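Here, residue 1 is the first one in the sequence, and each next residue gets the next number. These numbers come from a predicted model, not from an experiment. When reading the values below, keep in mind they use all heavy atoms of this one structure, side chains included, and skip hydrogens, waters and symmetry mates.
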Amino acid sequence: NTDGNESLFIFDQKRELVDRIDLKVKSKSGKYKSRIGISTKMLDDGGMISFPNGGDGLYRLDSCGKIIWAIDGLFHHHFSIENGKIGILGLPSSQITYQDHSNWNHSDIINIIDIETGRIERSVSIKDIAMKNAVAKDPMFIDKWISYVNDRGVLTRDLIHLNKLELLSDELSKDYPSLPKNAWLLSARNLNLTFIVDPITLDIVWYSHGWTQKQHDP
């Protein structure tokens, strides 16, 4: 649309249109606009988690599109919801610089957010994970990019490009008892790497390098 808004279409099992909700999730600051549209995930109560990809803000909306809570920050790519938590890649900071935005590397920070309150419980730079595992495995080739991480933990060149954070659910944990509780599955597109991280210790407990190329949604 010319006003920059997008619409969410809801269909029933017969593929008939049930509702159309005009999403008005915009940049809170007015400085950053979505590059590839609005990402939205439906909740059981009919509400939504939405954010403008590359724009400013992460929002929880009710079933009528009213904002329940909002977070400043630049968020990107796929995200998951498990056990009352949102796992999303991005930069939740009021100190966002134009350089951070223009480099498009704010996806290299992992965030765990309480879905009820919108409180950011953890924010972990990919640098911290890479450093923790550099001696034992170093599947992330840390020496190739560590000099490009700024003082906010943002990688200023697109050398890793995380594009998926999946949280291991309690239900799946029963099928994979060797994995830590609420483990993180991550995809690093530019390293052709998928890996699983212990969220408490930041140890990489499993990884696959080179078997897939430029993967997006493992």
Item to complete: Answer yes or no: are there more than 12 heavy-atom neighbours, outside Gln213 itself, under 6.0 Å from its atom CD?
Response: yes
Worksheet entry | Nearest heavy-atom neighbours spanning Trp69 and Ile67 | O-CG2, 3.5 Å
Worksheet entry | Heavy-atom closest pair, residues Asn192 and Thr212 | CB-O, 3.2 Å
Item to complete: Please list, chain by chain and in numerical order, all residues satisfying side chain to side chain contact (heavy atoms under 4.5 Å, CB included) with Ala130, sequence neighbours excluded.
Response: Met140, Ile142, Trp145
Practice prompt. Would you name the heavy atoms of Gly57 and Phe51 that are closest together and state the gap between them?
Written response: O-CB, 3.3 Å
Worksheet item: Which residues pass the side chain to side chain contact (heavy atoms under 4.5 Å, CB included) test with Leu17, sequence neighbours left out?
Response: Phe9, Phe11
Worksheet item: Looking only at heavy atoms, which two atoms of Ile204 and Pro139 are closest? And how far apart?
Response: CD1-CG, 3.7 Å
Worksheet item: When rounded to the nearest 0.5 angstrom, what is the spacing between OG in Ser125 and CE in Met131?
Response: 10.0 Å
Fill in: Spacing of CZ belonging to Arg119 relative to CD1 belonging to Ile112, to within rounding of 0.5 Å
12.0 Å
Worksheet item: Taking Asp108 for the side chain and Leu162 for the main chain, is one N or O donor matched with an acceptor at less than 3.5 Å?
Response: yes
Practice prompt. Please test Thr40 against Leu61 for side chain to side chain contact (heavy atoms under 4.5 Å, CB included), starting from the C-alpha separation and ending with a verdict.
Written response: CA-CA 10 Å; Thr40 300; Leu61 311 171; over 6 Å; no
Item to complete: Sequence neighbours left out, what pairs pass ring-ring contact (aromatic ring centres under 6.0 Å, His included) with at least one residue falling in residues 107-143?
Response: Phe141-His209
Worksheet item: Say you draw a straight line from CD1 of Ile49 to CG of Leu58; how long is it, rounded to the nearest 0.5 Å?
Response: 6.5 Å
Worksheet item: When clusters are formed by joining ILVMFWY residues with side-chain heavy atoms under 4.5 Å apart, either directly or through shared neighbours, do Tyr207 and Ile196 land in the same one?
Response: no
Worksheet item: In chain order, what residues pass the salt bridge (Lys or Arg N to Asp or Glu O under 4.0 Å) check against Lys214, with sequence neighbours excluded?
Response: none
Discussion item. Can you classify the ring geometry of His216 versus His77 as parallel (below 30°), tilted (30 to 60°) or perpendicular (above 60°)?
Written reply: perpendicular
Item to complete: Just jot down the side chain to side chain contact (heavy atoms under 4.5 Å, CB included) partners of Ser173, sequence neighbours excluded, or say none.
Response: Leu168
Worksheet item: Under 3.5 Å, is there a donor-acceptor pair between the side chain of Ser187 and the main chain of Thr194?
Response: no
Worksheet item: Looking at residues at least two apart in the chain, or sitting in another chain, which of them share a salt bridge (Lys or Arg N to Asp or Glu O under 4.0 Å) with Asp114?
Response: Lys85
Response to the item:
Nearest heavy-atom approach of Gly87 to Leu165 is C-CD2, 3.5 Å
Worksheet item: Just wondering, do Leu43 and Ile115 contact through their side chains at under 4.5 Å, heavy atoms?
Response: yes
Discussion item. When you measure from the side chain of Asn111 to the backbone of Ser123, do you find a donor-acceptor pair of N or O atoms at a distance under 3.5 Å?
Written reply: no
Practice prompt. Answer yes if Leu159 and Leu191 sit in the same cluster of Ile, Leu, Val, Met, Phe, Trp and Tyr residues linked by side chain heavy atoms under 4.5 Å apart, and no otherwise.
Written response: yes
Worksheet item: Who passes side chain to side chain contact (heavy atoms under 4.5 Å, CB included) against Asp62, sequence neighbours left out?
Response: Cys64, Lys66, Ile68
Discussion item. For residues 122-139, which residue pairs pass the salt bridge (Lys or Arg N to Asp or Glu O under 4.0 Å) check, not counting sequence neighbours?
Written reply: Lys132-Asp203
Worksheet, complete the sentence: Sequence neighbours excluded, the answer for salt bridge (Lys or Arg N to Asp or Glu O under 4.0 Å) partners of Asp45 is Arg60
Worksheet item: In chain order, what residues pass the side-chain hydrogen bond (donor to acceptor under 3.5 Å, both in side chains) check against Glu82, with sequence neighbours excluded?
Response: none
Item to complete: Just do the side chain to side chain contact (heavy atoms under 4.5 Å, CB included) check on Ile88 and Ile113 with the steps written out, would you?
Response: CA-CA 8 Å; Ile88 192 168; Ile113 300 169; 3.9 Å; yes
Fill in: Ser80 to Glu166 - nearest heavy-atom pair and separation
OG-CA, 3.5 Å
Item to complete: Please identify each residue that fulfils salt bridge (Lys or Arg N to Asp or Glu O under 4.0 Å) with Asp12, with sequence neighbours left out.
Response: none
Worksheet item: Are Phe195 and Leu172 grouped together when hydrophobic residues (ILVMFWY) are joined by side-chain heavy atoms under 4.5 angstrom apart?
Response: no
Atom pairs and distances, donor-acceptor, side-chain atoms in residues 176-186, under 3.5 Å, two or more places apart:
residue, atom, partner, partner atom, Å
Lys181, NZ, Asp170, OD1, 2.9

Discussion item. Nearest 0.5 Å, please: how far is CG in Leu89 from NE2 in His78?
Written reply: 10.0 Å
Worksheet, complete the sentence: The side-chain contact (heavy atoms from CB on, under 4.5 Å) partner of Ile160 among Leu155, Asn190, Leu193 is Leu155
